[in-house]
Amino acid sequence: MTEAVVLKPGRDKSVRRRHPWIFSGAVAALPNFEDGDVLPVRAADGALLGHAYFNKASSIVGRMLNFDGLPPLEALGASLERAIALRRRLFDPGENAWRVVNGEGDGVPGLVVDRYADVLVLQVSTLGAERLKAFFVEILEKGLEPRTILERSNLPSRKEEGLASTEGCLRGDDVEAVDIIESGLRFRVGFVRSQKTGFYLDQRENRSLVRSRAAGRRVLNVFSYTGGFTVAALAGGAAAVDSVDISEKALDLARTNCRLNGSDGPGLGFFAADAFEFLRGRDLAAYDFFVLDPPAFAKRKSEVVGACRGYKDLHRLVFRGAPPGALVLTFSCSYFVEEGLFRQVIYQGAAEAGRRVRILHRHRQSPDHPVNVFHPEGDYLKGFLLYVD
Ligand code: SAH
């Protein structure tokens with residue numbers, strides 16, 4: 001039998017509460033093993049807690065795959081099947097773009113899988129998951145019968161695991177792009193040097209919200225990427241929509257996405273620019289609905305202070321220029337900037353701009369990005385719909 005990892009006395013509590021991460025400080029004894037191996041995990045008194053894969057190079061040395069006596073691959077296979085079954089319940093058959101597997105949120109640490117029509121895109125973030133890739137691919141193929149499976153494992157966090165970036169085609173014919181349907185709207189998702197796996201599926205509900213509030217509004221979509229909120233606003237009857245992103249390539253696709261939904265021409269503006277410079281140089285009274293969806297300003301804990309300065313500046317600029325009655329839909333996808341802190345930063349921006357700002361709604365990631373209640377770290381996206389008097 002494989003030798004087990006033994007935890008220090010009293011340090012088994014979080015695993016017993018089903019938190020999947022084991023930090024190196026909690027481990028009393030590591031047996032000989034190769035990084036990436038799956039090993040049994042035992043409490044100091046010898047009780048079997050489950051199985052995890054381990055990597056000595058990472059500060060999160062182990063990630064639990066199961067919390068019982070089941071063979072770990074059997075447990076993982078069951079987690080994947082549960083993940084697929086949940087999405088089938090969540091979405092009508094006409095919806096063909098959703099996150100299939102959301103890492104720890106689905107009990108499969110280190111693995112994200114997005115479905116775009118008949119293309120699956122995998123993102124592997126840990127060595128343990130890398131070693132299980134063939135197993136994952138086999139189950140996904142059986143469960144979803146995709147035409148193509150791509151890999152876009154390009155997360156910076158792979159470095160900490162001792163892994164290089166890899167992109168490629170794992171099954172079927174390589175494809176550069178595919179068209180998806182989301183809530184009746186059509187989007188082209190590009191896979192060549194794309195961000196994330198190609199599209200921000202986590203904003204699905206929030207795109208619907210924009211659609212429902214956009215009628216007659218003049219919208220400024222800041223950090224637009226490929227125009228998800230732009231298309232949603234147009235579908236909701238917006239009078240005009242300007243999109244700003246630093247990436248020309250993302251804006252090209254945003255233009256395509258507008259055309260795919262029958263919108264072309266007047267009332268649409270695309271600006272390849274730094275968002276902060278754009279906001280400083282523009283008369284913002286021309287807009288009455290702002291969408292702010294920046295990249296994560298804090299990717300680690302040590303960056304929180306700088307990130308808050310960035311969020312505050314962004315909000316001050318928008319609040320200063322927004323006309324009375326404007327809506328501001330704003331997001332932070334930095335896990336480390338928790339909701340209370342984000343709200344405080346928004347208040348500071350409002351105070352500095354001298355505006356009265358109220359919260360109308362609070363928003364989170366879409367339900368195909370479930371958060372395991374034992375793993376609050378998975379709860380990263382928070383948003384507010386604000387009203388500026
Ligand atoms: N709202 C988008 C996702 C935004 S992702 C959607 O729903 O699809 C964040 C975007 O911010 C990326 O497209 C990135 O190119 C852009 N970005 C990053 N830094 C920027 C900056 N300083 N100014 C403008 N855009 C920026």
Side-chain angles (χ1 to χ4, degrees), residues 97-99 114 116 121 123 152 154-156 177 180 182-183 185-211 214 219-236 238 241-258 260-261 269-282 289-299 303 306-307 309-315 317-318 328-335 337 363-366 368-369 380-385:
W98 23 263
R99 175 151 295 190
D114 287 336
Y116 298 112
V121 185
Q123 196 166 54
R152 289 291 177 269
N154 48 18
L155 293 170
I180 58 161
E182 183 193 86
S183 314
L185 301 176
R186 189 173 288 274
F187 294 96
R188 184 152 302 162
V189 180
F191 303 119
V192 183
R193 289 187 303 281
S194 58
Q195 296 183 28
K196 291 223 183 173
T197 63
F199 195 66
Y200 286 82
L201 291 169
D202 54 355
Q203 293 285 23
R204 159 191 286 270
E205 256 77 41
N206 302 323
R207 280 188 281 273
S208 294
L209 169 86
V210 165
R211 189 173 179 175
V219 180
L220 180 63
N221 181 11
V222 191
F223 307 97
S224 67
Y225 187 50
T226 56
F229 287 116
T230 303
V231 169
L234 290 169
V241 187
D242 282 347
S243 307
V244 184
D245 201 282
I246 203 148
S247 158
E248 286 271 11
K249 198 168 150 259
L251 288 175
D252 278 344
L253 211 41
R255 284 189 193 91
T256 303
N257 283 330
C258 290
L260 285 175
N261 293 281
F270 299 90
F271 300 88
D274 170 70
F276 290 86
E277 278 175 27
F278 181 91
L279 291 170
R280 280 196 194 95
R282 193 95 178 160
F289 193 170
F290 298 82
V291 180
L292 311 174
D293 185 24
F297 286 165
K299 295 204 172 65
E303 294 170 356
R309 203 171 305 127
Y311 288 122
K312 189 186 74 178
D313 288 349
L314 182 64
H315 289 89
L317 284 169
V318 170
V328 180
L329 179 61
T330 182
F331 297 99
S332 165
C333 59
S334 305
Y335 164 71
V337 178
H363 308 283
R364 311 303 285 208
Q365 64 227 39
S366 298
D368 51 341
H369 294 56
Y380 63 97
L381 184 69
K382 62 232 72 134
F384 296 106
L385 181 65

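Whatever order the structure lists ligands and atoms in, that order sets their numbers, starting from 1. Computation of the quantities below employed the complete heavy-atom set of this structure, encompassing side-chain atoms and omitting hydrogens, waters and symmetry-equivalent molecules.
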Worksheet, complete the sentence: heavy-atom search around atom 22 (N) of ligand 1 in the protein gives Asp274 OD1, 2.7 Å
Practice prompt. Write out the residue and atom name of the closest protein heavy atom to atom 10 (C) of ligand 1, then the distance separating them to 0.1 Å.
Written response: Asp245 OD2, 3.4 Å
Fill in: Between Asp202 and Tyr380: side-chain donor-acceptor atoms closer than 3.5 Å
yes
Response to the item:
heavy-atom search around atom 25 (N) of ligand 1 in the protein gives Ile246 N, 3.1 Å
Discussion item. For a 4.5 angstrom cut-off between non-hydrogen side-chain atoms, does Arg364 reach Lys382?
Written reply: yes
Worksheet item: Do Gln123 and Asn154 have side-chain N/O donor and acceptor atoms under 3.5 Å apart?
Response: yes
Practice prompt. Before accepting this row, confirm whether a basic side-chain N of the pair Asp114/Lys196 lies closer than 4.0 Å to the acidic partner's carboxylate O.
Written response: no
Worksheet item: Closest non-hydrogen protein atom to atom 2 (C) of ligand 1, residue and atom name please, with distance?
Response: Asp293 OD2, 3.4 Å
Worksheet item: Numbering the atoms of ligand 1 from 1, which are under 4.0 Å from a heavy atom of Phe229?
Response: 1 (N), 7 (O)
Discussion item. Please list the nearest protein heavy atom to atom 23 (N) of ligand 1 with its residue and the distance rounded to 0.1 Å.
Written reply: Ala275 N, 2.8 Å
Worksheet entry | Validation row: Phe271, Leu251 side chains within 4.5 angstrom (heavy atoms) | no
Discussion item. If the contact criterion is a heavy-atom separation under 4.0 Å, does Arg207 count as touching ligand 1?
Written reply: yes
Fill in: Location of contacts on Phe276 toward ligand 1, heavy atoms closer than 4.0 Å
neither
Worksheet item: Among the heavy atoms of Ala273, does any lie under 4.0 Å from an atom of ligand 1?
Response: yes
Discussion item. Quick check: do Gln195 and Tyr200 have side-chain heavy atoms less than 4.5 Å from each other?
Written reply: yes
Fill in: Between Thr330 and Tyr311: side-chain donor-acceptor atoms closer than 3.5 Å
no
Worksheet item: Where does Pro295 meet ligand 1, judged by heavy-atom distances below 4.0 Å: at the side chain, the backbone, both, or neither?
Response: both
Practice prompt. State, yes or no, whether a side-chain contact exists between Ser194 and Val189 at a heavy-atom distance under 4.5 Å.
Written response: no
Worksheet item: Heavy atom of Ala250 under 4.0 Å from ligand 1?
Response: no
Practice prompt. Ignoring angles and geometry beyond distance, decide whether Gln195 reaches within less than 3.5 Å of ligand 1 through its nitrogen or oxygen atoms.
Written response: yes
Worksheet item: By number and element, which atoms of ligand 1 are closer than 4.0 Å to a non-hydrogen atom of Tyr225?
Response: 2 (C), 3 (C), 4 (C), 8 (O), 13 (O)
Worksheet item: Ser243 and Thr230: side-chain donor and acceptor closer than 3.5 Å?
Response: yes
Response to the item:
atom 4 (C) of ligand 1: closest protein heavy atom, distance to 0.1 Å, is Phe223 O, 3.3 Å
